[in-house]
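Reading through the structure tokens given below for one structure.
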Amino acid sequence: MQPHEQTPPLALVIFGASGDLTARKILPALADLAERGRLSDRFTVIGVARTEWSDEEFRKVALQDASAGGERWRALVERFRYVPGEYASTQTFDRLKEVLAEADQQYGTQGNRVYYLATIPSVFAMVAEALAKEGCNVPGEGGQFARLVVEKPYGRDLQSALDLDAAVHRAFDEDQIFRIDHYMGKETVQNVLALRFANAIFEPIWNRRYVEQVQITVAESLGVEHRGGFYETAGALRDIVQNHVMQVLSLTLMEPPTGMDATHIRDEKVKLLKAVDIPTPDEAVDKSVRGQYAAGVVDQSPVPAYRQEEGVAPDSQTETYVALRLRVENWRWAGVPVYVRTGKRLPARVTEVALQFHRVPFLAFEGELARQLRPNTLVLRIQPDEGISLHFGAKVPGEEFRVQSVSMDFLYETAFKERESDGYPRLLHDAMCGDATLFIRTDEVEQAWRIVDPYLEAWSEPGGGGLHLYPAGTWGPQIADLLLERSGDAWRVPQA
Ligand SMILES: NC(=O)c1ccc[n+]([C@@H]2O[C@H](COP(=O)([O-])OP(=O)(O)OC[C@H]3O[C@@H](n4cnc5c(N)ncnc54)[C@H](OP(=O)(O)O)[C@@H]3O)[C@@H](O)[C@H]2O)c1
């Protein structure tokens with residue numbers, strides 16, 4: 001991971017330019033980069049989508065969607081171009097090619113291209129193949145690179161991910177492909193690497209000898225909002241576990257890399273994912289709980305059940321909650337359960353990783369407080385209130401020798417004044433500079449699907465796994481407690 005100042009000259013082509021992601025994430029990220037002087041002076045954006053906009057209309061939309069942008073952003077938007085068209089039509093790509101050549105002439109983009117697939121996943125392969133057919137998968141005249149940035153989801157199960165990858169690889173080489181998981185753009189996810197590998201005190205205890213269990217929680221208090229139709233085709237396992245949770249899990253548990261570059265870090269992540277136990281369908285049922293929120297109360301307001309949300313079938317079997325008990329079968333982690341849970345309409349929005357350490361072999365302190373001492377726990381808080389907390393026992397002031405659980409907290413916003421972004425500026429900038437460290441390599445995607453596929457398969461069988469309702473505003477179905485109780489463990493209650 002090298003710090004880059006300015007991108008090289010290039011044209012950024014956004015497929016899906018009239019869509020939600022472009023409006024909410026990509027344009028604001030570009031405005032942020034422009035204002036911080038991170039974009040080359042020889043840079044432009046070309047939007048491609050069906051909506052019949054002119055260049056001028058696209059520019060207007062860009063200014064509206066990234067209204068926080070200042071002088072530099074406004075100057076940049078003046079250069080934006082737009083190609084209206086259907087991705088199935090060769091005319092669209094003929095026109096795109098012309099506009100790219102014009103951009104090289106007018107704006108000095110030098111034949112360098114970054115294509116961003118910010119569109120619906122069903123057309124990813126089609127667009128990649130169309131680009132190759134037009135010869136757009138290689139740099140334009142005098143150029144050095146042509147890259148493809150691909151949004152999630154990358155497939156909807158192992159087979160479709162393999163099919164997509166085969167199609168994309170027919171058009172682009174792996175070193176041209178940048179698969180996005182926006183979690184990897186988060187400072188606090190990257191900080192897992194700093195915490196582990198820039199400090200001497202954590203790594204010696206980061207193993208089965210000291211760690212009793214690991215819990216990864218990705219909790220949302222929101223429901224599906226306006227994305228019910230999309231969510232019906234996904235569910236919590238595909239939407240969160242296959243990508244975000246697997247990323248956080250691999251960074252937290254992988255072996256130390258010998259360098260902080262794309263190859264070394266991703267090699268270690270893949271090695272770790274390959275050590276995650278892949279259950280048989282029967283085991284998958286036994287080691288997982290799937291749930292769906294019923295009506296309930298969140299933030300003191302009544303909220304409807306998932307099945308009453310817009311775009312959701314009244315008898316929907318889609319899970320909005322999933323909990324898994326995973327095993328990592330390697331020298332470092334054998335025997336340490338890794339519990340994973342994610343859900344919508346839980347009591348708080350919080351993403352955290354908690355490493356719970358073994359208790360002392362013998363507790364010589366007396367009294368109720370000592371009996372209630374919680375095990376030492378190191379919590380990496382990814383959002384919100386990004387930071388790290390260490391929970392330990394301390395003496396209560398007074399004559400008696402009493403101990404009680406306390407915590408030592410490091411808060412990002414107190415230590416550093418910079419605000420945490422949603423990751424898009426960082427990831428866009430890295431892709432444009434050609435740094436693939438924070439992007440997901442083909443073997444990572446494949447292995448992550450191999451891990452979750454048995455659950456999908458088991459749940460699709462009649463009677464496979466069942467779907468447990470939980471009231472909105474609670475920590476998921478109670479039966480999820482059983483996943484841990486068997487080993488005498490319990491879910492943490494993350495502080496909101
Ligand atoms: N939205 C989010 O918050 C979010 C978050 C994370 C990841 N993502 C991912 O980002 C991608 C885009 O999502 P989105 O929410 O922005 O979708 P969206 O609002 O439905 O936008 C889809 C875009 O693709 C264009 N498009 C679709 N089919 C086309 C075709 N056949 N020919 C030409 N243009 C076509 C649409 O153009 P027209 O509308 O002009 O026809 C529109 O610009 C998806 O992969 C999604 O999973 C989205």
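Both ligands and their constituent atoms are indexed starting at 1 by order of listing.
In terms of N/O distances under 3.5 Å, ligand 1 is not approached by T22. Where the criterion is an N or O separation shorter than 3.5 Å, residue side chain and backbone included, L21 meets it with respect to ligand 1.
Here E444 pairs with K269 in a salt bridge; the nearest charged N to carboxylate O distance falls below 4.0 Å. Salt-bridge annotation for R345 and E220: absent, with no side-chain N of the basic residue lying under 4.0 Å from a carboxylate O of the acidic one.
Proximity to A49 (heavy-atom distance under 4.0 Å) selects the following atoms of ligand 1: 34 (N), 37 (O), 40 (O), 43 (O). Per-residue contacts place I120 under 4.0 angstrom from the following atoms of ligand 1 (heavy atoms of the residue considered): 27 (C), 28 (N). With ligand atoms numbered from 1 in the order given, ligand 1 contributes 45 (O) to contacts under 4.0 Å with heavy atoms of P121. Close approach of ligand 1 to E151 is summarised as follows: ligand atoms under 4.0 Å from at least one heavy atom of the residue are 7 (C), 8 (N), 9 (C), 10 (O), 45 (O). Under a 4.0 Å criterion applied to the non-hydrogen atoms of R24, ligand 1 contributes the atoms 1 (N), 2 (C), 3 (O).
Within the cation-pi definition used here (under 6.0 Å to the ring centroid, within 45° of the axis), R227 does not qualify as a partner of Y231.
Of all protein heavy atoms, the one closest to atom 26 (N) of ligand 1 is T119 OG1, 3.5 Å. The nearest heavy-atom contact from the protein to atom 15 (O) of ligand 1 is D20 CB, 3.5 Å. Taking atom 40 (O) of ligand 1 as the reference point, the nearest protein heavy-atom neighbour is T51 OG1, 2.4 Å. For atom 35 (C) of ligand 1, the closest non-hydrogen atom on the protein side is Y87 CE1, 3.2 Å.
The number of heavy atoms from other shown groups lying within 6.0 Å of CD (E225) is above 12. Few gaps surround NZ on K152; more than 12 heavy atoms of other groups in view lie less than 6.0 Å from it.
At a heavy-atom distance under 4.0 Å, atoms from both the backbone and the side chain of E86 approach ligand 1. In F124, the part holding a heavy atom less than 4.0 Å from any atom of ligand 1 is the side chain.
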With a cut-off of 3.5 Å and sequence neighbours excluded, list every side-chain donor-acceptor pair involving residues 60-68.
none

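Close to ligand 1: R227, with a non-hydrogen atom less than 4.0 angstrom away.
Of all the listed residues (R50, M126, K152), K152 holds the heavy atom that lies closest to atom 45 (O) of ligand 1. Compare S18, A88, A23, S89 by their heavy atoms: the one nearest to atom 43 (O) of ligand 1 is in S18. For atom 12 (C) of ligand 1, the choice among A118, G16, G19 with the nearest heavy atom turns out to be A118.
Distance check: T252 OG1 to L272 CG gives 8.5 Å after rounding to the nearest 0.5 Å. Note that CG of D435 and CZ of F178 are 7.5 Å apart. Values are rounded to the nearest 0.5 Å. The line from CG of L117 to CD of E151 is 9.0 Å long, rounded to the nearest 0.5 Å.
Counting heavy atoms from C-beta outward, R341 and L483 have side chains that stay 4.5 Å or more apart.
The residue from L39, V149, L12 that alone fulfils the side chain to side chain contact (heavy atoms under 4.5 Å, CB included) condition with L428 is L12.
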